[in-house]
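What follows is a single structure, written as structure tokens, with notes after it.
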Amino acid sequence: MAAASLACVIFAIDLRHGVDSSVAVLYALVVVLGSMGTVQRVTWSWAGICAVLAGASYAWAYKDAPDFTSTYKLAFALVAIAITASLVTSRKRLVLAQVKLEDSRREQRILADSVPQILWGTDASGQCNFLNARYAEYTGISVDDAVRANSWVEPVHPEDRPGMLRLWLAARASGNEFRAHCRVRHRDGTYRWMHSIGRPVRSPETGEIVRWMGGLSDVDDEFKAQKRIQKLNRELEDLVAQRTVELQETRWRFRSLYEDPNIFVAEQNWSESGAILDDLRAKGVTNLRSYLLGNPEVLQACLAGVRTVDVNDAIWRKLGYESKADLVTKAPRDGVVDAVAALLPQLEALFEGRDYVTSTTALVRADGGRMPVIFAVNLMPDGTAYATLFDITDREAASELMAAAQQELARANRVATVGALSISIAHELNQPIASISVDIETGLRMLAKDEPDYDMVARILARLRRNAGRLASIVQQTRDQITNHQRRLELVDLTALTEETRLLLEREVVARRAVVKIRAASSVPRVLVDRIALQQVLVNLIVNALDALAAVPEQKRNVEVSVEPGEEGHVRVRVADTGPGIHDDVLAKIFTPFFTTKPDGIGMGLQICRTTVERLGGELHVTNLPEGGASFEFTLPAAASEMAEAC
Ligand code: ADP
């Protein structure tokens, strides 16, 4: 409005006073006023209007006779208007550019401050001249202070500074990109790993480095994770290397097994059968064997589910196949003589989670023959099974031979025993026959008297009957031993048997002026034994004790037979005497056949005693008593029924 008014005033004056006033020059002011706060186009519009107005007033004043001066003034005014318009627009352009520059700077600053990285800049000499606000946020150090003191590396960990400086100097010397990892102190006092990249900024014209710009990113988590991964990788590599060595060693070790012509190796896959077993387990089957035997179709499905994956060369060659494939393609259940006997234990192991089975079976040869093997199977959790088999054809043949040889030996032994037994019979029969002859003599003497003691004769006859019975038993037993007949076992009360034996030996005891005492516990379980054989043991031990007593004075000739319950369901019988005991040299040989220290001895008694006790499941031992004398002690297992009753 002010510009329009001024233009009108100038136009009016110009019309009235003509060129003399030179007022048209003032149109330049109109242009300035009109341009204020407007765009460039408006400036030139005002310039145009002013030019038209100046031209109009000139035309009006000098329409008839334009002179040089007026024309010159008009031209001057027009030039002034044009120059003013031009200056005004130039200035406007300049201001606009400045505003834009400022905006751009502000934008840049906002941008620089909003990125998550620390940005930095230096001049060409490396002097820091820029840090974004993130630097202060991160380190807690004012950006201005850091820039002013060129101390922006101060929060870098002292240990990392030399390395970083080296890289920075190298980058500056070469003009290449700078990259470094370093720990930077966070405002909370902790150091965190950061990655710094810096690049040179070159002058487009000269190509010279004018400054350096760069950034620091927090890579602490990644760096530590990477370090951990590197450590893990190293550990893993070490482990792999170690395992590889072990594997290599194992491979070599197993290779010798794999290539051994006598060891057969097979790899099988049991996963299909394993799946069937899983179903059965889920169904609640607990006793697999009885279930499968009761459900043959499931059993067959399980057996059919076993596949051979691989075998070593030794096995297919030994079985007489043409190639490995011939054996591998054969179902394992068809490869053994008795599939159920061979594979069922493995199914059971799989079912019960056991990983090892060993047994014997016979493999079917290519020609239909059989090859006995002993095998061990390792079952893996994934259903793979490794079977190692060993050919025992020779061993089986050898054991058959051995069984035959043993039979022959047993027969020969029995024959040999006859010889030994005939000696022992003499030993066993000796005592009852001697007793019988003495009793007959005594009986005859009694009867020859005028008034025979019939009670005494009756007692002698009773003893004769017992001894005759014993002779018959001994003969019977001897025959049994020779023909190896099974002995008749019966439940025997040891206390009663001991009593009975003492009665049998009554005459010997009296003749040797000795005393035989029986000490029996109140409750002794009975034993299941061959009664005659056991009585023979007691007779032998007591007669030996009586023999030993010959060396001591009459008043010291005591034999004690004790019967009592022993340990762990056994019954213990001890025959102890007050004789001289047994010398150490004798003690070592006492159970040896034919060892005797007696002039009329045979040396078979103790050997027979020990064999008899051991055959009845017991043990016989001898010790010297501390107070003098020998003690023979044997144990026998109590009869099961007696134990049950005792319980
Ligand atoms: P024999 O009685 O025919 O000699 P045995 O086998 O019964 O054969 O005994 C072997 C030896 O053991 C006897 O000769 C004797 O030296 C010794 N012996 C056995 N029992 C006793 C004992 N109670 N005291 C001392 N020595 C004994």
Side-chain angles (χ1 to χ4, degrees), residues 416-435 470-471 474 477-478 481 498 501-502 504-519 532-563 572-616 618-635:
T417 316
V418 174
L421 277 177
S422 47
I423 299 168
S424 88
I425 293 164
H427 173 88
E428 300 300 334
L429 298 184
N430 206 16
Q431 183 271 328
I433 287 172
S435 176
R470 201 167 139 234
L471 280 178
I474 291 168
Q477 189 194 13
T478 311
Q481 272 179 8
T498 312
T501 311
R502 187 174 61 169
L504 267 180
L505 298 173
E506 195 181 29
R507 212 181 43 74
E508 273 86 350
V509 175
V510 174
R512 291 159 202 241
R513 301 191 207 300
V515 179
V516 175
K517 274 193 213 151
I518 295 174
R519 196 166 55 82
I532 303 297
L534 194 60
Q535 190 170 49
Q536 230 172 293
V537 171
L538 284 168
V539 168
N540 272 335
L541 296 180
I542 295 171
V543 170
N544 273 349
L546 292 174
D547 286 348
L549 291 178
V552 295
E554 280 179 29
Q555 62 275 17
K556 281 181 71 183
R557 293 179 185 168
N558 294 320
V559 178
E560 184 181 88
V561 185
S562 55
V563 183
R572 188 167 51 224
V573 179
R574 189 185 295 129
V575 180
D577 61 61
T578 50
I582 305 164
H583 196 271
D584 283 350
D585 301 345
V586 176
L587 206 57
K589 297 179 262 182
I590 202 164
F591 291 102
T592 315
F594 306 113
F595 172 78
T596 180
T597 57
K598 302 171 194 169
D600 56 346
I602 296 171
M604 282 300 290
L606 288 178
Q607 210 265 336
I608 292 172
C609 287
R610 177 169 263 186
T611 315
T612 305
V613 169
E614 284 175 356
R615 205 178 57 231
L616 297 174
E619 287 178 5
L620 171 64
H621 299 287
V622 59
T623 47
N624 278 318
L625 295 168
E627 63 274 18
S631 169
F632 286 82
E633 179 181 307
F634 67 85
T635 55

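Indexing begins at 1, ligand by ligand and atom by atom, following the structure's order. All values derive from a computational prediction rather than experimental measurement.
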For ligand 1, which part of Thr596 has a heavy atom less than 4.0 Å away: the side chain, the backbone, both, or neither? both
Determine whether the side chain, the backbone, both or neither of Leu541 has a heavy atom under 4.0 Å from any heavy atom of ligand 1.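 Looking at Leu541 and ligand 1, no heavy atom falls under 4.0 Å.
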Any side-chain heavy-atom pair from Thr597 and Lys589 closer than 4.5 angstrom?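 They are not in side-chain contact.
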One should read off an interatomic distance between Lys598 NZ and Asn544 CG, to the nearest 0.5 angstrom, of 4.0 Å
Measure the spacing between CZ of Arg512 and CG of Leu549 and express it to the nearest 0.5 Å.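 Arg512 CZ to Leu549 CG: 9.0 Å, rounded to 0.5 Å.
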Tell me, please, which residues at least two apart from Arg574 pass side-chain hydrogen bond (donor to acceptor under 3.5 Å, both in side chains). Glu633
Short list, please: which atoms of ligand 1 are under 4.0 Å from a heavy atom of Ala548?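 Taking each heavy atom of Ala548 in turn, ligand 1 has 22 (C), 24 (N), 25 (C) under 4.0 Å.
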Proximal atoms of ligand 1 relative to Leu606 (non-hydrogen, under 4.0 Å):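 Atoms satisfying the 4.0 Å criterion: 5 (P), 6 (O), 7 (O), 9 (O), 12 (O), 19 (C).
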Proximity flag [X] to ligand 1, non-hydrogen atoms under 4.0 Å:
X: Phe632; answer: yes
X: Asn540; answer: no
X: Gly603; answer: yes
X: Gly581; answer: yes

Nearest neighbour of atom 12 (O) of ligand 1 from the list Ile590, Asn544, Ile608, on a heavy-atom basis: Ile590
Donor-acceptor pairs under 3.5 angstrom involving side-chain atoms of residues 575-582: please list them, not counting sequence neighbours.
from	atom 1	to	atom 2	distance (Å)
Asp577	OD1	Gly579	N	2.9
Asp577	OD1	Ala630	N	3.1
Thr578	OG1	Lys556	O	2.3
Thr578	OG1	Asn558	N	3.0
Thr578	OG1	Asn558	O	3.3

Under 3.5 Å, N or O to N or O, is Thr597 touching ligand 1 that way?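 Yes.
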Would you name the heavy atoms of Leu620 and Leu606 that are closest together and state the gap between them?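 Shortest heavy-atom separation between Leu620 and Leu606 comes out as CD2-O, 4.5 Å.
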Over all atoms of both residues, closest heavy-atom pair of Asn540 and Gly605: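 Looking at all heavy atoms of both residues, the shortest contact is ND2-O, 3.5 Å.
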